[in-house]
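Letters A, B, ... mirror the listed sequences (proteins, then strands); counts begin at 1.
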There are 2 protein chains.
Amino acid sequence: MFDKFRNNFPLTDEKWNEYIGCFNRIEVPAKTTLLEEGEISKKLFVIEKGCIRVWFNHNGKDLTSQFFFENQSVSSIESFIKKFPSPVFIETIEPSILWWIHKEDVDTILEEVKEIPELRDRLIDMLFQRTFDYMKHFFSFIKDTPAQRYQSLIEEKPQIVQRVPQHYIASYLGVTTVHLSRIKSKLLQK
Amino acid sequence: MFDKFRNNFPLTDEKWNEYIGCFNRIEVPAKTTLLEEGEISKKLFVIEKGCIRVWFNHNGKDLTSQFFFENQSVSSIESFIKKFPSPVFIETIEPSILWWIHKEDVDTILEEVKEIPELRDRLIDMLFQRTFDYMKHFFSFIKDTPAQRYQSLIEEKPQIVQRVPQHYIASYLGVTTVHLSRIKSKLLQK
DNA sequence: TTCATTTAATAACAAATGTTATCGCCTGCC
DNA sequence: GGCAGGCGATAACATTTGTTATTAAATGAA
């Protein structure tokens with residue numbers, strides 16, 4: 001699972017193996033809850049196979065805010081980093097193969113790895129990237145119609161459209177399932 | 001301007017004065033453009049007095065994405081950090097007193113300051129905070145109606161409602177000026 | 001397989017929001 | 001003080017989106 005990343009990291013083999021050894025492999029069915037709302041997140045997940053969504057409950061409605069696929073890492077970032085109760089649920093969509101690591105191990109690794117400027121810069125870069133992604137998604141809510149957001153989704157994140165049930169996509173785009181259905185049928189007419 | 005922050009930073013007086021000396025004070029009227037779309041941002045601004053908005057043009061519409069007030073720092077973050085052409089304009093709303101610093105000076109300071117773990121951690125913390133703010137604002141677009149978003153704005157960021165012209169607030173909330181007017185008059189009826 | 005459950009499409013109607021136009025009030029400027 | 005232009009309220013109408021209900025298709029479990 002992790003071998004393909006090996007040459008991206010300027011570490012001794014010894015250190016590398018020590019870090020990799022902290023990860024645990026699990027296989028879980030679809031609709032498995034990995035983190036409950038209110039819980040303090042103690043695990044970071046990496047997806048080997050499958051797909052995960054982050055969602056929250058608002059007045060009884062199930063609202064999805066993010067999707068994750070193979071090779072992405074997933075956590076409730078506020079909860080994991082700041083030890084706040086998680087505002088969100090994390091749940092598998094498909095049967096999945098995951099690797100998880102304890103927060104304590106992540107902290108230890110980060111503490112050691114900070115001394116390596118290349119890695120430190122890459123971590124800061126990842127943080128920025130996450131922020132930019134949020135900004136981009138957020139902008140689309142100010143400037144685009146739901147139909148345009150769906151069109152962008154098809155173009156930019158086809159995995160979501162192909163692998164995720166439609167009612168999750170609807171709330172992700174900020175519309176009802178009925179309206180997403182209408183958007184799709186209008187697209188087909190053209 | 002910066003004296004009130006002095007005791008927050010574990011630096012020698014000499015270093016502190018060197019860093020503060022990099023800032024330049026300017027006074028500008030309302031509606032002054034500080035950064036054009038497409039330009040690469042080379043300045044970071046700190047607001048001593050006044051108020052600033054970040055906006056972009058979408059199909060001829062003026063869409064505001066952020067507001068900033070006293071003691072906040074402002075830049076087109078993607079452009080300033082990554083040297084991309086800025087996707088946004090930055091403009092004063094009120095006549096303002098600003099302090100600006102060159103990107104090169106920021107880079108130099110950051111390079112030196114990274115060696116101080118307290119500061120480094122605080123910088124990373126600020127990055128996270130920015131991300132959390134975006135996430136929160138973004139969530140409100142999925143879960144709340146425009147009327148609810150306006151209500152939250154009154155409660156959580158009263159400065160915006162008090163000091164910013166209404167047509168800027170409208171696009172910030174993702175509605176037309178006409179609809180924001182309706183929202184306000186409905187609130188008064190209750 | 002069969003049956004129950006989940007998921008998606010559609011229709012009819014209701015509510016929210018956008019568009020265009022008009023009016024009045026300020027504010028800054030001469 | 002008077003005037004022009006910017007700003008905000010409101011009305012009438014158009015369009016978009018939500019709600020509820022129904023049906024059909026797909027999926028999963030026994």
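Rounded to whole Å, atom C1' of D:dC7 lies 14 Å from atom CD1 of B:Ile93. Atom CG in A:Asp144 sits roughly 14 Å away from atom P in C:dG18 (whole-Å rounding). The CD atom of B:Glu94 sits 14 Å away from the P atom of C:dT27 (whole-angstrom rounding). What separates OH of B:Tyr150 from P of C:dT17 is a distance of 15 Å, to the nearest Å. As rounded to whole Å, 14 Å separates atom P of D:dG18 from atom NE2 of A:His58. A:Asn59 has its CG atom 15 Å from the C1' atom of D:dG18, to the nearest Å. Atom NE2 of B:His179 and atom P of D:dA9 are 14 Å apart (whole Å). At whole-Å resolution of the value, CG in A:Leu173 and P in D:dT17 are 12 Å apart.
Side chain of B:Gln72 to backbone of B:Phe69: a donor-acceptor contact under 3.5 angstrom is found. Here the side chain of A:Lys103 pairs a donor or acceptor atom with the backbone of A:Phe80 at under 3.5 angstrom. Remark: the backbone N or O of B:Ile93 is not paired with any side-chain donor or acceptor of B:Arg53 at under 3.5 angstrom. With hydrogens and angles ignored, the 3.5 Å screen pairs no side-chain donor or acceptor of A:Glu112 with any backbone N or O of A:Ile109.
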Distances under 3.5 Å between nitrogen or oxygen atoms of protein and nucleotides 5-9 of chain C:
from  : atom 1 : to       : atom 2 : distance (Å)
C:dA8 : OP1    : A:Gln166 : N      : 2.7
C:dA8 : OP2    : A:Gln166 : N      : 3.2
C:dA8 : OP2    : A:His167 : N      : 3.1
C:dA8 : OP2    : A:His167 : ND1    : 3.0
C:dA9 : OP2    : A:Gln166 : OE1    : 3.4
C:dA9 : OP2    : A:Gln166 : NE2    : 2.6
C:dA9 : OP2    : A:Ser181 : OG     : 2.8
C:dA9 : O5'    : A:Ser181 : OG     : 3.4

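Judged as a side-chain hydrogen bond (donor to acceptor under 3.5 Å, both in side chains), not a single pair has a partner in residues 29-40 of chain A (not counting sequence neighbours).
Paired runs in DNA chain C that reach 3 or more consecutive Watson-Crick or G-U pairs, where each pair keeps both distances under 3.5 Å, cover C:1-30 with D:1-30.
Cluster annotation: A:Phe89 and A:Ile169 are assigned to distinct hydrophobic clusters (Ile/Leu/Val/Met/Phe/Trp/Tyr, side-chain heavy-atom contacts under 4.5 Å, transitive).
For B:Arg182 against D:dG8, no side-chain N or O and base N or O form a donor-acceptor pair under 3.5 Å.
Of the inter-residue distances, the one linking B:Ile77 atom CD1 with A:Met135 atom CE reads 7.0 Å to the nearest 0.5 angstrom.
A distance below 6.0 Å separates the ring centres of A:Phe56 and B:Phe139.
Under the ring pair (Phe, Tyr, Trp, His ring centres under 6.0 Å) rule, A:Trp16 has a single partner from A:Phe23, A:Phe9, A:Phe5, which is A:Phe9.
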